[in-house]
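Chain A is the first sequence line, chain B the second, and so forth, proteins listed ahead of strands; every chain is numbered from 1. Computed over heavy atoms, backbone and side chain alike; hydrogens, waters and symmetry mates excluded. None of these values were measured; they are calculated from a predicted model.
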Amino acid sequence: MVLRRPGSRPPGHLRIAHRRGQAGRAPPLRPRREGREQEEGLEVVVRRSKSLVPTLREDPADAEALSHRLMLRAGLVRQLAAGIYVYLPLGQRVLDKINAILREEMNAIGGQEILMPVVHPAEIWQQSGRWEGIAEMFKLKDRAGRDLCLGMTHEEVVAWLAAREIRSYRDLPQVWYQIQTKERDEARPRSGVLRTREFLMKDSYTLDPDLAALDKSYADHERAYRRIFDRCGLTYYVVQSDVGMMGGLGSHEFMAPSAAGEDEVAMCAGCGYAANVELARGVPEAPAFPAWTREEVATPNVRTIAEVAAFLAIDPRLTIKSLLYVAKRAGPVFALVRGDHALHERKLARALGEEFRPAHPDEVRAAVGAPVGSVGPVGARVPILADEALKTGTYVVGANREGHHLRGVTPGRDFDCRFIDLHTVTSGEACVTCGKALAVEKVIEIGNIFKLGTRYSVALKAMYLDEAGREQPIVMGSYGIGPARIAAAAIEQLADADGIVWPWSIAPYQVYIVLVSAKDAAQRRAAEEIYAECWRQGLEAVLDDRDERPGVKFKDADLLGIPVRVTIGTSFLKEGIVEVRSRRTRQESRVVKDQVVEAIRAVKASEAPT
RNA sequence: CGGGGCGUAGCGCAGCCUGGUAGCGCGCACGGUUCGGGACCGUGAAGUCGGAGGUUCAAAUCCUCUCGCCCCGACCA
């Protein structure tokens with residue numbers, strides 16, 4: 001991987017990138033030759049007339065999400081296949097900016113950058129128990145028939161490395177990180193770079209002697225992540241998240257609110273409670289319960305909750321949805337939620353502690369003797385899990401007899417069940433902690449932090465000797481950030497009707513110089529001077545020197561979202577004035593040429609500090 | 001994996017129902033007029049109509065299979 005650190009280089013000092021670690025044949029470092037060759041290199045990179053910045057006038061047909069459309073239109077990326085993208089020069093620069101921030105903040109908490117392979121031997125995944133059962137893993141064989149896979153994450157490699165290199169408590173703690181490509185054969189890539197099969201990830205791993213030390217490493221990461229996302233100009237929440245079927249001791253996700261998000265979080269404005277909906281609990285408002293006595297009612301041709309409620313002329317909240325699932329080991333089990341609620345399958349999975357699937361219609365009939373539309377918990381001879389919201393009240397449930405329902409059923413009295421949280425929280429439910437109304441929002445997961453514990457260290461024998469000379473498993477944590485998701489989330493959150501609005505910190509360049517008439521010698525000279533001066537002053541500038549009409553350049557400048565636009569046109573010819581304009585606020589100042597850098601700095605100062 | 005949609009020039013699309021010489025806009029090349037918010041006129045280049053098989057005198061169009069892409073859902077250690 002070529003590590004290019006974006007930074008400010010004056011003209012003539014751009015673009016020397018060295019490949020690391022070329023097996024003893026690294027070219028000798030020598031002073032760079034000044035002059036023509038590098039001037040040309042500079043021109044290729046930052047002049048629109050020579051650059052690969054293929055902007056599109058129209059929205060691409062295949063792009064739905066705002067960030068996807070804009071990343072294509074602004075010439076940041078191109079799609080090679082489903083969920084597989086090429087990053088063009090501008091997109092690559094944005095990633096470089098984000099990665100530079102990631103490195104700074106990871107280094108600040110003691111992180112040591114390493115680079116682990118994309119191709120892994122099967123053995124380490126077999127040892128951790130993850131070789132089988134992950135549908136998203138790309139697997140392959142080498143020419144000798146050995147099993148390999150493409151790394152979807154690197155816990156195994158870290159544990160393998162730790163097993164070899166960490167021996168004593170004196171070697172701990174360690175924080176290792178990399179910025180590396182991950183490969184996951186996603187069931188459904190979508191929304192541009194938000195969910196892809198190949199993507200860059202900053203993943204870090206902490207090695208600690210015990211849980212108390214892990215807590216500190218975890219807190220360090222949370223602090224670093226907050227700084228990273230703050231610097232990238234994002235709005236985000238830190239929420240509790242599900243540790244998943246893999247176990248683990250706790251985890252949080254960093255979530256950027258956006259309509260393009262795939263996840264949902266529940267937030268409480270009152271006490272700050274915030275959790276992924278796969279975990280979030282809420283107290284729904286209870287309906288007024290009629291004084292029913294228990295009786296069977298005929299409900300011919302009535303199957304769904306909506307039909308039941310309509311047929312009996314009652315509030316759907318007075319019904320119970322009875323869902324039969326088949327657990328791998330435990331077999332059939334009923335899950336009950338209130339009629340207006342949705343069951344959250346992750347919650348059920350946690351309660352069951354194993355995999356499950358919805359029962360087939362014939363299995364439903366076999367278990368309770370009635371078709372799907374008429375099933376209910378009363379008299380059913382299968383274990384019953386009921387949502388907590390059903391602890392009180394009397395309801396209408398299926399009678400386990402075709403075309404009939406039971407009215408006046410009280411969970412706990414009329415059937416035995418275990419009450420647990422099963423329903424998907426919705427906006428307006430009361431916070432379990434403080435009682436205020438919860439808000440549910442769509443979010444993009446931009447980072448997560450995860451207390452792993454000793455699962456991988458035990459499996460791969462990553463042990464150390466403690467002060468007493470006893471062998472102990474290393475306690476691990478793992479922490480991820482998706483740079484492309486940061487870029488997409490920034491676009492989603494900040495773009496306006498005219499295009500992208502980059503935060504200063506991750507913009508591919510900071511200054512977009514519009515040379516209104518490329519044929520006018522005086523304008524051109526002035527634009528060139530301003531451009532060179534920007535680079536001398538540490539401002540990364542693009543010069544739009546194309547022979548295009550001004551409108552085309554202005555439209556492109558807006559679309560690309562570079563924070564400051566400098567226009568050299570007729571005002572310069574007439575009055576020696578150039579215009580310096582903020583992309584975000586659209587405020588423009590008219591200054592003489594020598595004050596341009598100062599005016600640009602004023603725009604920067606008005607942006608969010610990074 | 002279930003459901004829906006779409007593959008025709010670089011991009012966006014029409015043509016398909018009702019088979020008969022492949023079109024429009026943008027972009028691109030050349031010439032001219034323009035030149036502060038995606039100009040105009042003229043000329044021109046560019047398409048295995050996703051692929052394979054079939055029906056037919058004749059297939060972009062009808063049939064079968066197949067590949068790819070998008071959207072919704074499921075899944076996401």
*Asks:* Might you confirm whether atom CD of Q587(A) has over 12 heavy atoms from other residues, nucleotides or ligands at distances under 6.0 Å?
*Replies:* no
*Asks:* When all nucleic acid strands are considered with a 4.0 Å heavy-atom cut-off, which category describes R73(A): base, sugar-phosphate, or nothing?
*Replies:* base
*Asks:* Considering only side-chain heavy atoms of A187(A), which listed nucleotide, A74(B), G36(B), A39(B), is closest?
*Replies:* A74(B)
*Asks:* Which part of the nucleic acid does S191(A) contact within heavy-atom distance under 4.0 Å: base, sugar-phosphate only, or nothing?
*Replies:* sugar-phosphate
*Asks:* For E136(A) and for A63(A), locate the closest nucleotide of RNA chain B by heavy-atom distance; then report the residue assigned to the nucleotide nearer the 5' terminus.
*Replies:*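 Nearer the 5' end of the strand: A63(A).
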*Asks:* Can a salt bridge be assigned to the pair R73(A) and D556(A) using a cut-off of 4.0 Å between side-chain N and carboxylate O?
*Replies:*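 Looking at R73(A) and D556(A), the cut-off is not met.
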*Asks:* Could you identify the nucleotide paired to G68(B), looking across every strand shown and requiring Watson-Crick or G-U wobble geometry with both distances under 3.5 Å?
*Replies:* C6(B)
*Asks:* Could you give the distance separating C63(B) and U56(B) at their C1' atoms, to the nearest angstrom?
*Replies:* 12 Å
*Asks:* When we call it a touch if two heavy atoms are under 4.0 Å apart, what does R357(A) touch: a base, just sugar-phosphate, or nothing?
*Replies:* nothing
*Asks:* Can you tell me the base-pairing partner of A14(B)? Count Watson-Crick or G-U wobble geometry only, both distances below 3.5 Å, and say none if there is no partner.
*Replies:* none
*Asks:* Looking at E529(A) and R525(A), is there a salt bridge between them, counting it only when a charged N and a carboxylate O are closer than 4.0 Å?
*Replies:*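 No.
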*Asks:* How is E345(A) classified with respect to the nucleic acid when contacts are heavy atoms under 4.0 Å: base, sugar-phosphate, or nothing?
*Replies:*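 Sugar-phosphate: the residue E345(A), judged by heavy atoms under 4.0 Å, touches backbone atoms but no base.
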*Asks:* Counting only heavy atoms not in K593(A) (residues, nucleotides, ligands), do more than 12 fall under 6.0 Å from its NZ?
*Replies:* yes
*Asks:* Looking across every strand, which nucleic acid part, if any, lies under 4.0 Å from K519(A) by heavy atom: base, sugar-phosphate, or nothing?
*Replies:* base
*Asks:* How would you label the contact of D556(A) with the nucleic acid (heavy atoms, under 4.0 Å): base, sugar-phosphate, or nothing?
*Replies:*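 If one applies the 4.0 Å heavy-atom cut-off, D556(A) turns out to touch a base.
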*Asks:* What's Q79(A) touching, base or sugar-phosphate or nothing? Going by heavy atoms closer than 4.0 Å.
*Replies:* sugar-phosphate
*Asks:* Using a 4.0 Å heavy-atom cut-off, does R581(A) contact any base of the nucleic acid, only the sugar-phosphate backbone, or nothing at all?
*Replies:* base
*Asks:* For S517(A), report the nucleic acid contact type (base, sugar-phosphate, nothing); a contact means any heavy atom under 4.0 Å.
*Replies:* nothing
*Asks:* Rounded to the nearest Å, what distance is computed from the NZ atom of residue K555(A) to the P atom of nucleotide A39(B)?
*Replies:*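 Interatomic distance, NZ of K555(A) to P of A39(B): 10 Å.
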*Asks:* When all nucleic acid strands are considered with a 4.0 Å heavy-atom cut-off, which category describes E579(A): base, sugar-phosphate, or nothing?
*Replies:* base
*Asks:* Please name the nucleotide paired to C75(B) by Watson-Crick or G-U wobble geometry with both distances under 3.5 Å, or report none.
*Replies:* none
*Asks:* Taking the six-membered ring of Y87(A) (Phe, Tyr or Trp), confirm whether the NZ or CZ of R78(A) is under 6.0 Å from its centre and within 45° of its axis.
*Replies:*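 The answer is no, since R78(A) fails at least one limit relative to Y87(A).
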*Asks:* Mapping F356(A) and A61(A) onto RNA chain B by nearest heavy atom, which one lands closer to the 5' end?
*Replies:*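 In this pair, the answer is A61(A).
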*Asks:* Contact class for A81(A) vs. all strands (heavy atom < 4.0 Å): base, sugar-phosphate, or nothing?
*Replies:* sugar-phosphate
*Asks:* Quick one: is G27(B) close enough that its OP1 or OP2 comes under 4.0 Å of any side-chain N or O from R57(A)?
*Replies:* yes
